[in-house]
Number of protein chains: 2
Amino acid sequence: MVKDISTEQRILEAARRVFMKKGMAGARMQEIADEAGINKALLHYYFRSKDKLFEHILMEVVGRIATSLKSMMELDIPIIQRLCFFVEIYVDVLMENRYLPLFVLTEINQNPERFASMIREHIVVNMQDFIVQLEDEIEQGKINPVHPLHLVSSVLGMIIFPFAAFPLIEEAMGDNFAPLARNFLNQRKEVVKEFVINALTPKNHDK
Amino acid sequence: MVKDISTEQRILEAARRVFMKKGMAGARMQEIADEAGINKALLHYYFRSKDKLFEHILMEVVGRIATSLKSMMELDIPIIQRLCFFVEIYVDVLMENRYLPLFVLTEINQNPERFASMIREHIVVNMQDFIVQLEDEIEQGKINPVHPLHLVSSVLGMIIFPFAAFPLIEEAMGDNFAPLARNFLNQRKEVVKEFVINALTPKNHDK
DNA sequence: GTCTATAAGTAGATAGAC
DNA sequence: GTCTATCTACTTATAGAC
């Protein structure tokens with residue numbers, strides 16, 4: 001019953017890379033096998049079908065996102081700090097895997113039913129806590145009134161875009177792009193955090 | 001030589017819908033044929049191959065984007081107004097076709113070479129004009145100093161996200177979603193315009 | 001567990017009748 | 001121009017040897 005961890009692990013890592021980059025429809029079992037240094041038959045030995053393998057990767061990815069969201073919501077800090085913290089770690093994650101957001105968004109759009117329960121269980125729950133805290137701080141006058149979904153949409157959009165549009169940014173930056181790219185993406189942290197602070201910090205009319 | 005416009009047009013519209021929703025890899029010629037109310041053979045009669053048909057749709061889509069960008073850059077208005085105008089029309093476009101941004105971004109990532117020349121010719125050129133004007137207004141002290149690519153990334157990201165993450169937003173909003181969705185997406189216009197204005201309008205320390 | 005060989009199914013492309 | 005039928009190539013999946 002004890003499977004060889006090393007091979008299974010190599011398959012999973014290869015599958016993650018290929019699925020992330022090509023998506024479910026564009027990925028090929030042959031490519032995953034090559035990437036893992038084995039042959040197609042073994043893929044089916046370990047994970048019966050392409051669909052099952054994909055599902056596995058999906059759960060792993062969504063699970064990881066959910067876990068980091070959850071652990072972040074457990075810290076007892078003001079909403080502004082919470083968002084700034086989120087920006088920091090999320091940009092770092094995307095630096096390691098720029099295909100993540102486009103992959104997740106594409107697959108959700110392709111097959112919303114498959115995600116409905118995952119989203120409800122893992123994402124919406126954390127959202128609820130976030131909304132409660134946000135409305136709480138608004139009521140206390142600590143921050144400006146904002147619509148939680150608009151705030152989240154803005155922050156996520158601002159973070160995700162440069163990674164999703166990476167080849168576009170590359171082209172826009174021109175020749176000496178490579179050395180600048182990492183720098184630009186790192187600057188995003190400050191840009192987005194500045195947005196959060198400006199959007200939420202009250203203007204202090206009575207100062 | 002005069003082809004039957006009606007059929008060719010129906011094919012193109014069907015292809016656009018299917019490609020937009022499923023992407024190049026996920027789209028099926030059979031589905032496009034069904035959607036157009038004809039059979040597969042006719043698709044090949046009109047557009048030799050799937051790749052050619054896809055290329056056609058791609059050019060059409062990118063061309064339309066480039067045209068609206070260009071016409072917008074021809075207006076002689078301040079940068080803030082230009083961006084606000086852009087937000088207005090772009091959100092309206094996405095209301096009609098929410099798959100547009102995810103489609104374009106995915107395909108660019110899938111096949112950057114295919115887009116390199118298009119991007120340089122159509123997008124980067126308009127970007128250059130935009131950057132010149134931006135830096136000009138910054139120098140004149142009319143607006144705050146900002147990095148053009150960061151500004152564009154923020155605005156595009158803020159606009160695109162709710163459309164790209166539509167099923168997520170849907171789930172987050174819960175049951176009575178349908179009536180609220182259109183409203184929420186329309187509010188985006190004001191939210192993003194407010195960001196543009198806040199980010200660029202000088203604080204007037206000497207007032 | 002891992003491989004080679006092959007089956008089974010799917011999708012793009014073509015032939016040829018009308 | 002449009003259709004049905006068919007071919008070819010590719011991709012997933014399985015059989016069976018080692």
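What you see below is based on every heavy atom in this structure, not just the backbone, and it leaves out hydrogens, waters and symmetry mates. Throughout, a chain's letter reflects where its sequence line sits, starting with A, and its residues are numbered from 1. As the structure is a computational prediction, the values presented were derived from the model and not from experiment.
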Rounding to a whole Å, what distance do you find between Arg10(B):CZ and dG1(D):C1'? 12 Å

Whole-Å gap separating P (dC18(C)) and CG (Leu42(B)): 18 Å

Just to confirm, is there a sub-4.0 Å distance from OP1 or OP2 of [N] to any side-chain nitrogen or oxygen of [X]?
X	N	result
His44(A)	dT14(D)	no
Thr7(B)	dT2(D)	yes
Tyr45(B)	dC3(D)	no
Arg28(B)	dT10(C)	no
Asn39(B)	dC3(D)	yes

Using a 4.0 Å heavy-atom cut-off, does Ala27(B) contact any base of the nucleic acid, only the sugar-phosphate backbone, or nothing at all? sugar-phosphate

Please classify the nucleic acid contact of Leu43(A) as base, sugar-phosphate, or nothing, using heavy-atom distances under 4.0 Å.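 Contact class for Leu43(A): none.
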
Any salt bridge (Lys or Arg N to Asp or Glu O under 4.0 Å) pairs touching residues 128-140 of chain B, not counting sequence neighbours? none

Which pairs with one or both residues in residues 77-86 of chain B pass salt bridge (Lys or Arg N to Asp or Glu O under 4.0 Å), sequence neighbours excluded?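 As it turns out, there is no salt bridge (Lys or Arg N to Asp or Glu O under 4.0 Å) pair with a partner in residues 77-86 of chain B once direct neighbours are skipped.
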
Checking contacts here: which listed nucleotide ([options]) is nearest the side-chain heavy atoms of [X]?
X	options	result
Lys50(A)	dT4(C), dG12(C), dT12(D)	dT12(D)
Ile38(A)	dC3(C), dA13(C), dG1(D)	dC3(C)
Ala41(B)	dG1(C), dA15(C), dT12(D)	dA15(C)

Students often mix this up, so state it plainly: with edges at 30° and 60°, are the rings of Phe184(B) and His150(A) parallel, tilted or perpendicular?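 Parallel: the ring planes of Phe184(B) and His150(A) meet at under 30°.
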
Electrostatic pair Arg10(B)-Glu13(B), nearest N-O below 4.0 angstrom: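 So Arg10(B) does not pair with Glu13(B) through a salt bridge.
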
